[in-house]
Amino acid sequence: MHLAFDLMRGLERALADAAAAAGIEPGAFEPGVRTSDPRHGDFQANGVLAAAKRAGKPPRPIAEALVAGLGDDIRVAFEVSVAGPGFINFKARPAALLSWLQAHRSRAGLELGASAAHKGETWVVDYSSPNTAKQMHVGHLRSAVIGEAISRLLEFTGARVVRDNHIGDWGTQYGKLIWACRRHLDEAALARDPIEEFERLYKIGSSAAEADPAVMEEARAELVRLQAGDPVSLALWRRINEASLAAFQRIYDRLGIRFDETLGESFYNDKVERVYAELSADGISSMSEGAQVVFHPEHPRFKTQPMIVRKSDGAANYATTDLATILYRSEHFHADGILYVVDKRQADHFEQLFLTARKWFVRRGRPIPKLQHVDFGTVLGEDGRPLKTRTGDNIKLRELLDEASERALALVNAKSPDFPEDERRRIAETVGVGSVQYADLSQNRSSDYLFSWDKMISLEGNTAAYLLYAIARIRSIFRRHGLECGDPAAESGADAFQTPDEIALARKLVKFSDAIRLATETLCPHFLCLYLYELAGEFSAFYNADKVIVDDPAVRARRLVLCARTLLFLETGLSLLGLRTLERM
RNA sequence: GGACCUGUAGCUCAGUUGGAUAGAGCACUUGGCUUCGAACCAAGGGGUCGGGGGUUCGAGUCCCUCCAGGUCUACCA
């Protein structure tokens, strides 16, 4: 029995064929296959109702005709029935479930099946993108975590992914910072904690400039010197960047992030002239109040609210570099798509940016990449306001991860006191950081979310710890019985699933492909989280009801298939979300 | 003022883009370890899906309107 990776797609094709054979015009029938409530089956086709409506005929006879026209391969694999007003239900037979699970037994095999979705495409993912000379704080968490998960999902589904950290390493704030560096730099403090020292210096520069117009003027002069390539200014600027990137990387290491490119704003310094010139020559931009701007007359708001591409003082702003960046990504990486994993408050900016870029590219006859703002909401404290410390400062990301790790360590110490200390620490870091990542990913990214230590680290419900625990239990079964996970020998002779809990788990397993497809299509990792949580839940129920290591070799083999695949899917799924997993905890 | 987002169980959230009797977790009640890890499982109560109108075989989901909260709205990113 051959079953494709994506069972839903297979059913859609079979139904389309049956419709053609039944004389329904192509285009008049959209199969509309969805996963369904387990009470009804595994998949259902909703399309007959709409087609019948259009044709002005009763739906049930049409559904029955389609079912009668299905090929033998479908009938062998599924129980097919017509229900209600005209739904077609498909319930996978136990033998088909086993067959699918035997065909998808490795990560490489899953990837092969999934990679059809974006094969041959190049996607640039723009995420994290902090400003240099500052610590990363909670505000930087979501972009980093969501961006990494989306990058991994796209890669898994066949795309070439360019992870680009578009850092803020240029702009007016560097004038003030360098002004302060020249006067107040404390080399000892810099050696101890460079970012802290730069933050201190920036505060000095910023408040001095605010208090004294002469200082402001000097700061501006510093910026001009830097832009002119003054060696002392440039050396300071490089030091700031190096120290900042090193600090960022320490956070990224803990989150499992590694960028392919770090092309910050400064990289586009010499590329903005072309933006000014082309937009102006193409008549896309105009002059208003001394600035070069783009209006969009067809847009209800942007007909009066312009996008400023060059400030009245002649300088570039983020709109300018963002346009130059799109051009670079298009010409240099040949991007088919560019994703911006950025706070939803910047929605207006991206809408203007994309409108402008498309007009510009159309005028120049360039291929237009798909442009999407992958937005996300704010992290809120338990008072419902943006998460801050008690004193009103931003919570540093390093301290947040430290606390997560510490809280997890207290738990590991309580639950597994006999493990060696260094292992307990490693487990705590994996559980703690993973809990932060998972808490963020498991919620719909577009809405704000409430950050609660207790919920996150309580390790109950839809949390990282629950999934990691399921993995640890499966690993334990194999370890205890001296078996290697996924060893074909241990699985040979398996017969079809029989008990209710075996069948329920197997039915959940074969929907892995659907979860990957859904999460990737919508760029919403929480769909994958939800699937993994439900999978772990089905496993726990099965584990509680059916003993795996039993004497009957056929029963043991089929249960080992379930254990091995649950483990594979949980580990693959978590790694696609950017989480590390554990052997034991 | 305008535009956009949000409103689902006491609390925190899902709801596969219009499908069948709206689902989880927490909290609460009850039961389950001499048996592969109880960081677990099983069972139970809890809802006018913010209000009202509409579209259709069918609406938490789409359109209109009102209410409440949030965000953005010309040279910061």
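Throughout, protein chains are lettered first and strands after them, A, B, ... in sequence-line order, and every chain is numbered starting at 1. Since we're looking at a predicted model, the values are computed, not measured.
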**Message:** Suppose you measure atom P in B:A22 against the same atom in B:A59; what distance do you get, rounded to whole Å?
**Reply:** 12 Å
**Request:** Give one of base, sugar-phosphate or nothing for A:Leu518, where a contact means two heavy atoms less than 4.0 Å apart.
**Result:** base
**Asked** A:Ser446 near the nucleic acid: base, sugar-phosphate alone, or nothing, with a heavy-atom cut-off under 4.0 Å?
**Response** nothing
**Prompt:** So what's B:G60 paired with, Watson-Crick or G-U wobble, going by both distances under 3.5 Å?
**Reply:** none
**Item:** Rounded distance in Å - CG (A:Asp37) to C1' (B:U21)
**Value:** 9 Å
**Item:** Any A:Leu560 side-chain heavy atom under 4.5 Å of A:Asp487 side chain
**Value:** no
**Asked** Is it the case that more than 12 heavy atoms not belonging to A:Arg60 sit under 6.0 Å from its CZ atom?
**Response** yes
**Asked** What integer distance in Å separates A:Glu534:CD from B:C41:P?
**Response** 13 Å
**Asked** According to the Watson-Crick and G-U wobble definitions, with both distances under 3.5 Å, which nucleotide is paired to B:G23?
**Response** B:C13
**Message:** When you measure from the side-chain N and O atoms of A:His40 to the phosphate of B:G19, is any distance below 4.0 Å, counting only OP1 and OP2?
**Reply:** no
**Message:** For a quick check of understanding: with a heavy-atom distance under 4.0 Å over all strands, which category does A:Leu468 fall into, base, sugar-phosphate or nothing?
**Reply:** nothing
**Request:** Take the protein atom CZ of A:Phe43 and the nucleotide atom C1' of B:A20, then report the distance between them rounded to whole Å.
**Result:** 18 Å
**Request:** Look at all strands and tell whether A:Ala315 reaches a base, only sugar-phosphate, or nothing, counting heavy atoms closer than 4.0 Å.
**Result:** nothing
**Asked** Charged N to carboxylate O under 4.0 angstrom, A:Glu491 versus A:Arg565?
**Response** yes
**Asked** So, A:His166 versus A:Tyr318, ring centres under 6.0 angstrom or not?
**Response** no
**Request:** Looking only at side-chain atoms of A:Ser540, point me to the closest of B:G15, B:U73, B:C41.
**Result:** B:C41
**Item:** Any residue meeting side-chain contact (heavy atoms from CB on, under 4.5 Å) with A:Ala357, in chain and number order, not counting sequence neighbours
**Value:** A:Leu323, A:Ile326, A:Leu371
**Asked** Does A:Lys508 NZ have over 12 foreign heavy atoms under 6.0 Å away?
**Response** yes
**Request:** Rounded to whole angstrom, note down the P distance from B:U61 over to B:U6.
**Result:** 13 Å
**Asked** Tell me: OH of A:Tyr466 to P of B:A24, nearest whole Å?
**Response** 13 Å
**Item:** Closest approach of A:Ala564 to A:Gly486 (non-hydrogen atoms, all atoms of both residues)
**Value:** CB-N, 3.8 Å
**Request:** Please work out if A:Tyr318 contacts a base, only the sugar-phosphate, or nothing of the nucleic acid, heavy-atom cut-off 4.0 Å.
**Result:** base
**Message:** Quick check: on RNA chain B, is the nucleotide nearest A:Gln443 upstream (toward 5') of the one nearest A:Tyr533, or the reverse? Name the residue that is more 5'.
**Reply:** A:Gln443
**Request:** Determine if A:His349 stacks with B:A77; use a centre-to-centre distance below 5.5 Å and an interplanar angle below 30° as the criteria.
**Result:** no
**Request:** Would you mind reading off the distance between A:Leu441 atom CG and B:C13 atom C1', rounded to a whole angstrom?
**Result:** 15 Å
**Prompt:** RNA chain B: A:Asp448 or A:Pro300, which has the more 5' nearest nucleotide?
**Reply:** A:Pro300
**Message:** When you measure only distances, ignoring hydrogens and angles, does the side chain of A:Ser442 come within 3.5 Å of the base of B:A14 through a donor and an acceptor?
**Reply:** no
**Distance-only donor-acceptor test (3.5 Å): side chain A:Ser452, base B:U12** = no
Do any N or O atoms of the protein come closer than 3.5 Å to N or O atoms of nucleotides 34-37 of chain B, and which pairs are they?
{"unit_1": "B:U35", "atom_1": "O2'", "unit_2": "A:Lys547", "atom_2": "NZ", "d": "3.4"}
{"unit_1": "B:C36", "atom_1": "O4'", "unit_2": "A:Lys547", "atom_2": "NZ", "d": "3.4"}
{"unit_1": "B:C36", "atom_1": "O3'", "unit_2": "A:Arg480", "atom_2": "NE", "d": "3.1"}
{"unit_1": "B:C36", "atom_1": "O2", "unit_2": "A:Ile549", "atom_2": "N", "d": "3.3"}
{"unit_1": "B:C36", "atom_1": "N3", "unit_2": "A:Val548", "atom_2": "N", "d": "2.8"}
{"unit_1": "B:C36", "atom_1": "N4", "unit_2": "A:Tyr543", "atom_2": "O", "d": "2.9"}
{"unit_1": "B:C36", "atom_1": "N4", "unit_2": "A:Asp546", "atom_2": "O", "d": "2.7"}
{"unit_1": "B:G37", "atom_1": "OP1", "unit_2": "A:Ser476", "atom_2": "OG", "d": "2.6"}
{"unit_1": "B:G37", "atom_1": "OP2", "unit_2": "A:Ser476", "atom_2": "OG", "d": "3.4"}
{"unit_1": "B:G37", "atom_1": "OP2", "unit_2": "A:Arg480", "atom_2": "NE", "d": "2.8"}
{"unit_1": "B:G37", "atom_1": "O2'", "unit_2": "A:Tyr469", "atom_2": "OH", "d": "3.0"}
{"unit_1": "B:G37", "atom_1": "N7", "unit_2": "A:Ser476", "atom_2": "OG", "d": "3.3"}
{"unit_1": "B:G37", "atom_1": "O6", "unit_2": "A:Met585", "atom_2": "N", "d": "3.2"}
{"unit_1": "B:G37", "atom_1": "N1", "unit_2": "A:Met585", "atom_2": "O", "d": "2.8"}
{"unit_1": "B:G37", "atom_1": "N2", "unit_2": "A:Met585", "atom_2": "O", "d": "3.4"}

**Request:** Round to a whole Å and report the spacing from CG of A:Leu528 to C1' of B:U16.
**Result:** 13 Å
**Prompt:** Between A:Phe43 and A:Phe78, what is the ring plane arrangement, given parallel below 30°, perpendicular above 60°, and tilted in between?
**Reply:** perpendicular
**Message:** Within the supplied structure, the quantity of interest is the number of heavy atoms (other residues, nucleotides, ligands) at a distance under 6.0 Å from A:Asp551 CG; does it exceed 12?
**Reply:** no
**Nucleotide of B:A20, B:C5, B:G19 approaching A:Lys344 most closely (side-chain heavy atoms)** = B:C5
**Item:** Complementary nucleotide for B:G37 - Watson-Crick or wobble, under 3.5 Å
**Value:** none
**Message:** One thing to verify: whether A:Asp552 and A:Arg558 come together as a salt bridge, which I'm taking to mean a side-chain N less than 4.0 angstrom from a carboxylate O.
**Reply:** no
**Message:** Could you tell me the Watson-Crick or G-U partner of B:G1, where both distances fall under 3.5 Å? Say none if there is no partner.
**Reply:** B:U73
**Request:** Verify the contact: side-chain N or O of A:Ser447 to OP1 or OP2 of B:A14, cut-off strictly under 4.0 Å; return yes or no.
**Result:** yes
**Request:** Could you tell me which nucleotide pairs with B:G7 by Watson-Crick or G-U wobble geometry, both distances under 3.5 Å, or answer none if nothing does?
**Result:** B:C67
**Request:** Using the C1' atom on both, measure B:U48 against B:U12 and round to a whole Å.
**Result:** 23 Å
**Asked** Does A:Asp501 make a side-chain donor-acceptor contact with the base of B:A42, cut-off 3.5 Å?
**Response** no
**Item:** Nucleotide of B:A39, B:G15, B:U73 approaching A:Leu411 most closely (side-chain heavy atoms)
**Value:** B:A39
**Message:** By the 4.0 Å heavy-atom rule, please label A:Asp514 as base, sugar-phosphate, or nothing.
**Reply:** base
**Complete:** Under a 3.5 Å limit on both distances, the Watson-Crick or wobble mate of B:G46 is none
**Asked** Base, sugar-phosphate alone, or nothing: which one does A:Glu351 contact when heavy atoms must sit under 4.0 Å apart?
**Response** nothing
**Request:** Using a 90° cut-off around 0 for syn, call B:U17 syn or anti.
**Result:** syn
**Protein-nucleotide distance (A:Lys303, atom NZ; B:U73, atom C1'), rounded to Å** = 15 Å
**Message:** Between B:G2 and B:C64, how far apart are the two P atoms, rounded to whole Å?
**Reply:** 15 Å
**Prompt:** In whole Å, what is the span from the CD atom of A:Glu382 to the P atom of B:C11?
**Reply:** 15 Å
**Message:** Taking only the C1' atom of each, what is the distance from B:C72 to B:C40 in whole angstrom?
**Reply:** 47 Å
**Request:** Classify the nucleic acid contact of A:Val293 as base, sugar-phosphate or nothing, counting any heavy atom under 4.0 Å across all strands shown.
**Result:** base
**Request:** Check salt bridge (charged side-chain N to carboxylate O under 4.0 Å, His left out) between A:Arg34 and all other residues, then give those that pass, not counting sequence neighbours.
**Result:** none
**Message:** Need one value for A:Ser129: base, sugar-phosphate or nothing, where a base atom within 4.0 Å counts as base even if backbone is also close, heavy atoms only.
**Reply:** nothing
**Message:** Counting only side-chain nitrogens and oxygens, does A:Arg345 get under 4.0 Å of the OP1 or OP2 atom of B:U6?
**Reply:** no
**Prompt:** NA contact type, A:Asn46, heavy-atom cut-off 4.0 Å: base, sugar-phosphate, or nothing?
**Reply:** base
**Message:** As a test of reading the structure: which of B:A20, B:U17, B:C72 is closest to the side chain of A:Asn89, going by heavy atoms?
**Reply:** B:A20
**Request:** May I ask you to say what A:Glu521 touches in the nucleic acid, namely base, sugar-phosphate or nothing, with a heavy-atom cut-off under 4.0 Å?
**Result:** nothing
